[in-house]
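Accompanying notes for the structure given below.
We use all heavy atoms of the structure for the numbers below, so side chains are in, but hydrogens, waters and symmetry mates are not.
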Amino acid sequence: MSCFELTQVHYRYDRQPVLRDLSLALAPGQILGLFGHNGAGKTTTIKLILGLLTPDQGRLSVLGGEAGDASVARHIGYLPENVMFYPQLSGREILRYFARLKRVSETQVPELLAQVGLTDAADRRVRTYSKGMRQRLGLAQALLGSPRLLMLDEPTVGLDPVATAELYRLLQRLRDNGTGIVLCSHVLPGVEPYIDQAAILSAGQLQACGDLAQLRRQADMPVRLSLRSGRGDGLLSALNGHIPTLSTLQPGPDTLVVEVRASDKMAAIEALLGAGGVDDLQVHQPTLEDLYCHFIQAPSSADAADHQGGV
Amino acid sequence: MTAIWTIARKELNDSLRNRWLLAIAVVFATLAMGIAWFGAAASGSVGYVTTPATIASLASLGIFLIPLIALLLAYDAIVGEDEGGTLLLLLTYPLSRGQLLLGKFLGHGLILALATLLGFGLAGVAIVMLVDDVAVVPLALALGRFILSSVLLGWGFVALAYLVSVRVSEKPVAAGLALAVWFLFVLVFDLLLLGTLVAGEGAIRPDLLPWLLLLNPTDIYRLLNIVAFGDASQLTGVLSLGADLPFGAGGLWLALLVWVAVPFTGAWALFRNRRI
């Protein structure tokens, strides 16, 4: 059973399409990164899955049931962006309140507070919390009742690097225990190592979805090879003839930067190494950020032209 | 039910913590005592006069205070949660919008009922203990009726506050509108009614006039607390219309209940359509 499955979902607001023909699914034990500019439809997608909105068209099932059903909602954890909570209550009181509302045992509360590192601040009023501490309280709240689907909207905002690393370790542990996780973030390099799948939304449409390898194949963006060698020109001739290069650059006397098509990557590396005399080789694959920019620009030709003009 | 009670209990705890409950009770008790002792000061005497006069004075004050307190207590019920980001969160919990609103109402309703009972109840006890020749049973009955009608009036205005709170998206707007509701029912309505009567010069069917009073819960509340003593001469201003009402206290109680149920149902319906 999938954590959620949207099939050809359309959603309009004030007659403006917000989501168009969106099909997206998440299997248990997977981390899905949901990316897109502000207004691309990420929040709407999350609200649909949470049952706060209903699709105009298309089908949507969540944890094998109806989105928004009480029996489904009990197994979902959600961390909204920028939640202030109740300033006059302490962290412990707030978690207890939400535990009661979710009908889970309040004995989880001290455990969860420890897990997010708030034990010492548990009895202080939330008014005195820093942004990062509120964020961690929100995370503890999302983890109440060991959810089977966890939706996190910008979970690392306000967290220091150590807390961020801890968060990702925690998410990996949950994933290994079979929790499906949706992660919305603008910090693409931060999430790249941790996500199993990425979904890129732009203007209400899904531009690409899959793991990084699939996205790279789909984007077919050049792979950059940086080499250090005493005989740069000789190396180039090893490629010339049978492997097309997209660009070559010689920034220094003994360095060479070659861009080749992704499908030619291995052949190019073999040819270069075969020519001998290579001291160092670095392979730069397109990063999540590169892929994101690629897919975001794809739908709007005017935008793409602008960017090319700038380069 | 558990969810509704969880929310109500939080409201109740909040009001204990920020001392709202205590403050309201103290205000009510102080005013009740003040009116009981000094209500007749204008006519040159200090001390307890009569139960009907005291209750009538209390009711005149109650129509100003109780709606104001109820509106202040409840105006941010939904919009406040929305601004703090917790409304979005609460609605992802196994909890319907109706349950959330009902829980808020139960909490706010209990706060108001407790404060009214405590404040005016203590004042009643003090009167019985300090005034030698007061008849206890009539006082208890009149005060009981006054407390019950005050609670119902308060609940009505809590529901009116929700009507505002579910509709707007900013707390200051909700506060402004709540104040406007107060002005409308407490100050403007009677003036409008009086103005219409005078300007209409009898054009309005006379048998229709008493019914117009039912359009304002504060008028119903005043009628209830004055008519009960069977002394129609106490009815002044627009309230004199109430002397011709074709129904008795039972109808007035029912009307006050309707003024709780209708705004609450309206708030519920609007809340269901609120975009989160």
Any side-chain donor near an acceptor of the partner, A:Q88 and B:D14, under 3.5 Å | yes

Is it the backbone or the side chain of [X] that comes under 4.5 Å from a heavy atom of chain B, or both, or neither?
| X | value |
| --- | --- |
| A:I76 | neither |
| A:F98 | both |
| A:L79 | neither |
| A:E93 | side chain |

[atom1]-[atom2] distance between [X] and [Y], expressed to the nearest 0.5 angstrom:
| X | Y | atom1 | atom2 | value |
| --- | --- | --- | --- | --- |
| A:Q141 | B:Y93 | CD | OH | 3.5 Å |
| B:R275 | A:L52 | CZ | CG | 10.5 Å |
| A:R74 | B:L95 | CZ | CG | 13.0 Å |
| B:L88 | A:N82 | CG | CG | 11.5 Å |

Does [atom1] belonging to [X] count more than 12 external heavy atoms closer than 6.0 Å?
| X | atom1 | result |
| --- | --- | --- |
| A:M1 | CE | yes |
| B:R17 | CZ | yes |
| B:R167 | CZ | no |
| A:R59 | CZ | no |

In terms of heavy-atom proximity below 4.5 Å to chain A, should B:Q99 be classed as side chain, backbone, both, or neither?
-> neither

Options A:V72, A:V83, A:L101, A:L50, ranked by heavy-atom pairs under 4.5 Å with chain B, top entry = A:L101

Does NZ or CZ of B:R9 come closer than 6.0 Å to the centre of the six-membered ring of A:Y97, within 45° of the ring's axis?
-> no

Is the shortest heavy-atom distance from the side chain of [X] to the side chain of [Y] under 4.5 Å?
| X | Y | answer |
| --- | --- | --- |
| B:E81 | A:Y86 | yes |
| A:L53 | B:I276 | no |
| B:T92 | A:K47 | no |

State whether the side chain of A:R103 and the backbone N or O of B:P94 hold a donor-acceptor pair below 3.5 Å, judged by distance alone.
-> yes

